[in-house]
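Heads up: the structure comes next, in structure tokens.
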Amino acid sequence: MNFQQLRSVREAVRHDFNLTEVAGALHTSQPGVSRQIRELEDELGVEIFVRAGKRLTGLTPPGSAVLPIVERLLLEADNL
């Protein structure tokens with residue numbers, strides 16, 4: 001788990017699950033954002049996002065539980 005993965009999750013929610021916009025906000029590529037999210041999901045062993053094909057459409061129940069933790073971790077990192 002790394003901060004880039006956490007930022008990708010946070011920004012996906014902030015940008016209404018539009019990974020192209022997330023990539024722009026994070027100054028990276030859309031495939032990179034998709035990879036970061038997938039790697040975090042694999043590491044945690046849960047699906048964070050609901051998908052329709054390759055598109056993200058919402059948060060899963062575990063994703064809804066993970067999001068406040070992600071927000072808190074990023075806030076605490078910024079406070080350091």
Side-chain angles (χ1 to χ4, degrees):
M1 180 180 320
N2 62 53
F3 286 115
Q4 191 62 28
Q5 291 169 327
L6 300 177
R7 285 184 197 99
S8 294
V9 169
R10 177 183 65 188
E11 293 303 318
V13 173
R14 286 182 176 177
H15 291 277
D16 295 322
F17 312 106
N18 183 323
L19 296 187
T20 301
E21 289 181 14
V22 173
L26 296 175
H27 308 290
T28 189
S29 68
Q30 184 274 325
V33 171
S34 295
R35 182 178 38 75
Q36 293 287 343
I37 290 170
R38 178 56 70 195
E39 287 174 359
L40 180 61
E41 288 178 325
D42 290 346
E43 188 174 332
L44 295 176
V46 297
E47 295 284 325
I48 296 171
F49 295 101
V50 175
R51 290 175 171 79
K54 293 185 178 184
R55 295 181 49 103
L56 303 183
T57 59
L59 287 170
T60 63
S64 293
V66 166
L67 184 61
I69 298 167
V70 167
E71 293 279 0
R72 189 172 64 244
L73 288 169
L74 292 171
L75 179 62
E76 291 298 327
D78 287 343
N79 287 337
L80 284 175

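Note that the CD atom of Glu39 and the CG atom of Leu44 stand 12.0 Å from one another [nearest 0.5 Å]. Put simply, CZ on Arg7 and CG on Asn2 are 8.5 Å apart, with the number rounded to the nearest 0.5 Å. Put simply, CZ on Arg35 and CG on Asp42 are 12.0 Å apart, with the number rounded to the nearest 0.5 Å. Between the OG atom of Ser8 and the CG atom of Leu40 there is a distance of 9.0 Å, given to the nearest 0.5 Å. Between the CZ atom in Arg38 and the CD atom in Glu43 there is a gap of 13.5 Å [rounded to 0.5 Å].
Between Thr20 and His15, the closest side-chain pair of non-hydrogen atoms is not below 4.5 Å. Glu76 places none of its side-chain heavy atoms less than 4.5 Å from the side chain of Glu71. The closest side-chain heavy-atom distance from Leu73 to Ile69 is below 4.5 Å. Residues Val9 and Gln36 have side chains not in contact (no heavy-atom distance under 4.5 Å, counting atoms from C-beta outward). Residues Glu41 and Val46 have side chains not in contact (no heavy-atom distance under 4.5 Å, counting atoms from C-beta outward). Side-chain contact between Arg14 and Glu21 is absent, with no heavy-atom pair separated by less than 4.5 Å. Side chains of Ile37 and Ile48 form no contact here, defined as non-hydrogen atoms less than 4.5 Å apart.
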Derivation and outcome, side chain to side chain contact (heavy atoms under 4.5 Å, CB included), residues Leu56 and Leu19
CA-CA 8 Å; Leu56 303 183; Leu19 296 187; 3.6 Å; yes
Starting from the C-alpha separation in whole Å, work towards a yes-or-no answer on side chain to side chain contact (heavy atoms under 4.5 Å, CB included) for Phe49 and Val13.
CA-CA 9 Å; Phe49 295 101; Val13 173; 4.1 Å; yes
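Between Ser29 and Ala23, the shortest heavy-atom contact is C-CB, 3.6 Å. When all heavy atoms of Ala77 and Phe3 are compared, the closest pair comes out as CB-CE2, 3.6 Å. Nearest heavy atoms, Glu11 versus Ala25: OE1-CB, 4.1 Å.
The neighbour count for Arg51 CZ, taken as heavy atoms of other residues, nucleotides or ligands under 6.0 Å away, is above 12.
No donor-acceptor pair under 3.5 Å is formed between the side chain of Thr60 and the backbone N or O of Val50.
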